[in-house]
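What follows is a single structure, written as structure tokens, with notes after it.
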Amino acid sequence: MTQKIATLSLLVADYDEAIAFYCEKLGFTLVADQALGPDKRWVLVAPAGGSGAQLLLAKADGAEQSAAIGNQAGGRVALFLETDDFARDFAAMSEKGVTFLEAPRHEAYGSVAVFEDLYGNKWDLIEPRR
């Protein structure tokens, strides 16, 4: 049996602002953007050149989902963006206005820094030690 986590959903307030953030600031690729109804779309983004999971940008529907935007992991780091060149990506993301919550750290497992997406979800930018 072969299985993998292929897609993770991430609540967003607006499809287009989320696409702009992930594609313009993080350099992700827009994989799909299909209308599913008058106010619902199937929007997938993924890191450029990556073979990992994609993000389904899911527009919040209702007060309960809206309240969870930006806090889907209860304030913890929710997502991990792995890179093959930490210094390059840290510099590029910083230049594009991505908010890093700390200076880069060099740990036993690799180089890492926590950043926020446009809604406040915490991510690790990480280059694992090989």
Side-chain angles (χ1 to χ4, degrees):
M1 174 189 287
T2 301
Q3 297 179 332
K4 67 179 180 177
I5 296 175
T7 307
L8 300 168
S9 84
L10 187 66
L11 289 168
V12 300
D14 179 85
Y15 292 116
D16 294 322
E17 73 180 7
I19 291 169
F21 176 83
Y22 287 101
C23 293
E24 294 170 17
K25 295 196 182 251
L26 299 188
F28 283 23
T29 300
L30 180 61
V31 176
D33 186 356
Q34 300 168 332
L36 298 176
D39 196 36
K40 189 171 182 181
R41 291 157 53 184
W42 180 260
V43 178
L44 290 172
V45 296
S51 60
Q54 302 174 355
L55 289 179
L56 172 66
L57 303 179
K59 186 176 176 186
D61 183 16
E64 184 177 353
Q65 290 180 17
S66 293
I69 294 172
N71 193 29
Q72 290 187 198
R76 295 188 59 118
V77 170
L79 299 157
F80 299 79
L81 180 59
E82 189 173 301
T83 178
D84 63 351
D85 189 333
F86 179 87
R88 175 199 65 212
D89 291 346
F90 180 84
M93 291 166 62
S94 295
E95 288 174 15
K96 292 178 181 175
V98 174
T99 300
F100 280 88
L101 302 178
E102 63 183 17
R105 294 180 283 123
H106 304 286
E107 303 288 350
Y109 56 84
S111 298
V112 63
V114 177
F115 70 93
E116 289 182 328
D117 68 15
L118 75 164
Y119 298 114
N121 292 300
K122 292 179 182 168
W123 290 65
D124 270 0
L125 174 65
I126 185 168
E127 180 181 358
R129 190 171 310 267
R130 309 234 188 252

Salt bridge present between R41 and D33 (N-O < 4.0 angstrom): yes
Are I126 and L8 joined in one hydrophobic group, where the rule is that I, L, V, M, F, W and Y side chains link up if heavy atoms are under 4.5 Å apart? no
Does D85 have more than 12 heavy atoms from other residues, nucleotides or ligands lying within 6.0 Å of its CG? yes
E102, CD atom: more than 12 neighbouring heavy atoms under 6.0 Å: yes
At their closest point, which heavy atom of T7 faces which heavy atom of L55, and how far apart are they? CG2-C, 4.5 Å
Shortest non-hydrogen pair, H106 vs S111, comes out as ND1-OG, 2.8 Å
Salt bridge present between R130 and E82 (N-O < 4.0 angstrom): yes
Examine V12 and L56 and state if one hydrophobic cluster contains both, with Ile, Leu, Val, Met, Phe, Trp and Tyr joined whenever side-chain heavy atoms are less than 4.5 Å apart. no
Can you tell me how far the OG1 atom of T99 sits from the CG atom of D117, to the nearest 0.5 Å? 10.0 Å
Between N71 and Y119, a side-chain donor and acceptor under 3.5 Å: no
Under the 3.5 angstrom rule, does the side chain of K25 hit a backbone N or O of K96 as a donor-acceptor pair? yes
Cluster link L79 to L11, ILVMFWY, side chain under 4.5 Å: yes
Heavy-atom check, side chain of I19 versus side chain of V43, under 4.5 Å: yes
Answer whether the closest heavy-atom distance between the side chains of V45 and F21 falls below 4.5 Å. no
At their closest point, which heavy atom of A53 faces which heavy atom of P47, and how far apart are they? O-CD, 4.1 Å
As a quick check of understanding, evaluate side chain to side chain contact (heavy atoms under 4.5 Å, CB included) for E127 and D84, giving each step before the final call. CA-CA 6 Å; E127 180 181 358; D84 63 351; 5.6 Å; no
Considering all heavy atoms of both residues, which atom of G27 and which atom of A48 are nearest to each other, and what is their separation? O-CB, 3.4 Å
Which atom names give the shortest non-hydrogen contact between A46 and Q54, and what distance separates them? CB-CG, 3.9 Å
For R76, look at atom CZ and say whether over 12 heavy atoms of other residues, nucleotides or ligands are found less than 6.0 Å away. no
Check: V114 and L125 side chains under 4.5 Å, non-hydrogen atoms: no
Across all chains, not counting sequence neighbours, the ring pair (Phe, Tyr, Trp, His ring centres under 6.0 Å) partners of F115 are F100, W123
When rounded to the nearest 0.5 Å, the distance separating CG of N121 from CD of E116 is 8.5 Å
Would you check if M93 and L26 make a side-chain contact, meaning some heavy-atom pair closer than 4.5 Å? yes
Rounded to the nearest 0.5 Å, the CG atom of L81 sits from the CG atom of D89 at a distance of 7.0 Å
Quick check on I5: does its CD1 atom have over 12 non-hydrogen neighbours (other residues, nucleotides or ligands) under 6.0 Å away? no
Looking at V31, is its backbone amide N or carbonyl O close enough to the side chain of T29 to form a donor-acceptor pair, meaning the two atoms are under 3.5 Å apart? no
Can you find a pair of side-chain heavy atoms, one from Q72 and one from L10, that are under 4.5 Å apart? yes
Qualifying ring pair (Phe, Tyr, Trp, His ring centres under 6.0 Å) pairs with a residue from residues 30-88, counting only residues at least two apart or across chains: F86-F90
What's the verdict on salt bridge (Lys or Arg N to Asp or Glu O under 4.0 Å) for K59 and D39, showing C-alpha distance, side-chain angles and the deciding distance? CA-CA 9 Å; K59 186 176 176 186; D39 196 36; 3.1 Å; yes
